[in-house]
Amino acid sequence: GKYLGVDYGDKRTGLAECDPSGMLASGIGTISEGGMRKTAERVAREAESRLCKKIIIGLPKNMDGTEGDRAKVIYAFAELLSEYTKIPLDFYDERMTTMIAYRYMGETGTFGKKRKNSVDTLSAEIILQSYIDKERNASN
């Protein structure tokens with residue numbers, strides 16, 4: 001079944017989904033609803049309209065693996081999200097995703113406004129692809 005990947009941000013939240021076979025993640029866009037509650041509502045609607053069976057949220061950790069203030073924000077977002085949907089939630093360590101996304105965009109010549117508008121979507125795609133790869137490797 002399909003999963004929805006979420007890279008939550010205060011201003012923009014990137015979304016990605018995987019194909020029904022659970023092999024490949026693709027970015028599906030960015031939402032900028034304004035406010036955590038509105039964003040949670042919109043993410044829930046997106047996941048349900050796409051018939052997703054799980055929502056994967058990027059969880060920022062410190063380089064030493066501990067969780068800081070930003071992780072608390074993500075848990076608060078997840079709690080709100082769970083008020084709007086019964087779809088199970090899971091988290092994935094997103095420590096390097098934004099850096100990887102920026103590096104990839106530099107290599108592909110994506111700069112300026114276009115880069116700013118697509119980095120969150122690409123981050124969500126990296127989070128989701130990493131999650132499904134890890135899940136697939138664990139079952140082998």
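In this chain, residues are counted from 1 in sequence order.
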- Taking Gln129 for the side chain and Ala124 for the main chain, is one N or O donor matched with an acceptor at less than 3.5 Å? no
For residues 27-72, the ring pair (Phe, Tyr, Trp, His ring centres under 6.0 Å) pairs (sequence neighbours left out) are none
Discussion item. Checking the side chain of Asn62 only, and the main-chain atoms of Asp64 only, is there a donor and an acceptor separated by less than 3.5 Å?
Written reply: no
When every non-hydrogen atom of Gly22 is compared with those of Ile132, the smallest separation belongs to O-CD1, 3.7 Å
Residues at least two apart in sequence or cross-chain that pass salt bridge (Lys or Arg N to Asp or Glu O under 4.0 Å) with Glu48, listed by chain then number, are none
Sorted by chain and number, sequence neighbours left out, side chain to side chain contact (heavy atoms under 4.5 Å, CB included) with Glu94 holds for Asp7, Pro60, Thr97, Ile127
Residue set satisfying salt bridge (Lys or Arg N to Asp or Glu O under 4.0 Å) with Arg37, at least two apart, ordered chain then number -> Glu83
Taking every heavy atom of Glu46 against every heavy atom of Ser49, the minimum-distance pair comes out as O-OG, 3.1 Å
Residue pairs passing the salt bridge (charged side-chain N to carboxylate O under 4.0 Å, His left out) test with at least one member in residues 70-82, sequence neighbours excluded, are Asp10-Arg70, Asp69-Lys72
- Query: Side chain of Ser130, backbone of Ile126: donor and acceptor closer than 3.5 Å?
  - Reply: yes
So CD of Glu67 and CG of Asp93: to nearest 0.5 Å the spacing works out to 9.0 Å
**Asked** Can Thr121 and Thr30 be counted as having a side-chain donor-acceptor contact under 3.5 angstrom?
**Response** yes
ask   = Step by step, would you call Glu135 with Lys54 a side-chain contact (heavy atoms from CB on, under 4.5 Å)?
value = CA-CA 13 Å; Glu135 197 175 61; Lys54 194 185 281 186; 3.5 Å; yes
Here the ring pair (Phe, Tyr, Trp, His ring centres under 6.0 Å) pairs for residues 121-140, sequence neighbours left out, are Tyr3-Tyr131
Taking every heavy atom of Lys11 against every heavy atom of Ser32, the minimum-distance pair comes out as O-CB, 3.3 Å
OG of Ser26 to CD of Glu125, rounded to nearest 0.5 Å, is 5.5 Å
Residues at least two apart in sequence or cross-chain that pass salt bridge (Lys or Arg N to Asp or Glu O under 4.0 Å) with Asp133, listed by chain then number, are Arg136
For Tyr84, the hydrophobic cluster (side chain heavy atoms closer than 4.5 Å, chained through members) also holds none
Note: with side-chain heavy atoms under 4.5 Å as the link, the other cluster members for Leu15 come out as Leu4, Val6, Tyr8, Ile28, Ile31, Met36, Val43, Ile55, Ile57, Leu59, Val73, Ile74, Tyr75, Phe77, Leu80, Leu81, Ile87, Leu89, Phe91
For Glu17, the salt bridge (Lys or Arg N to Asp or Glu O under 4.0 Å) test, sequence neighbours excluded, returns Lys2, Arg50
Members sharing Leu51's hydrophobic cluster, built from side-chain contacts under 4.5 Å between Ile, Leu, Val, Met, Phe, Trp and Tyr, are none
Side chain to side chain donor-acceptor pair (under 3.5 Å) filter on Ser21, not counting sequence neighbours, yields Asp19
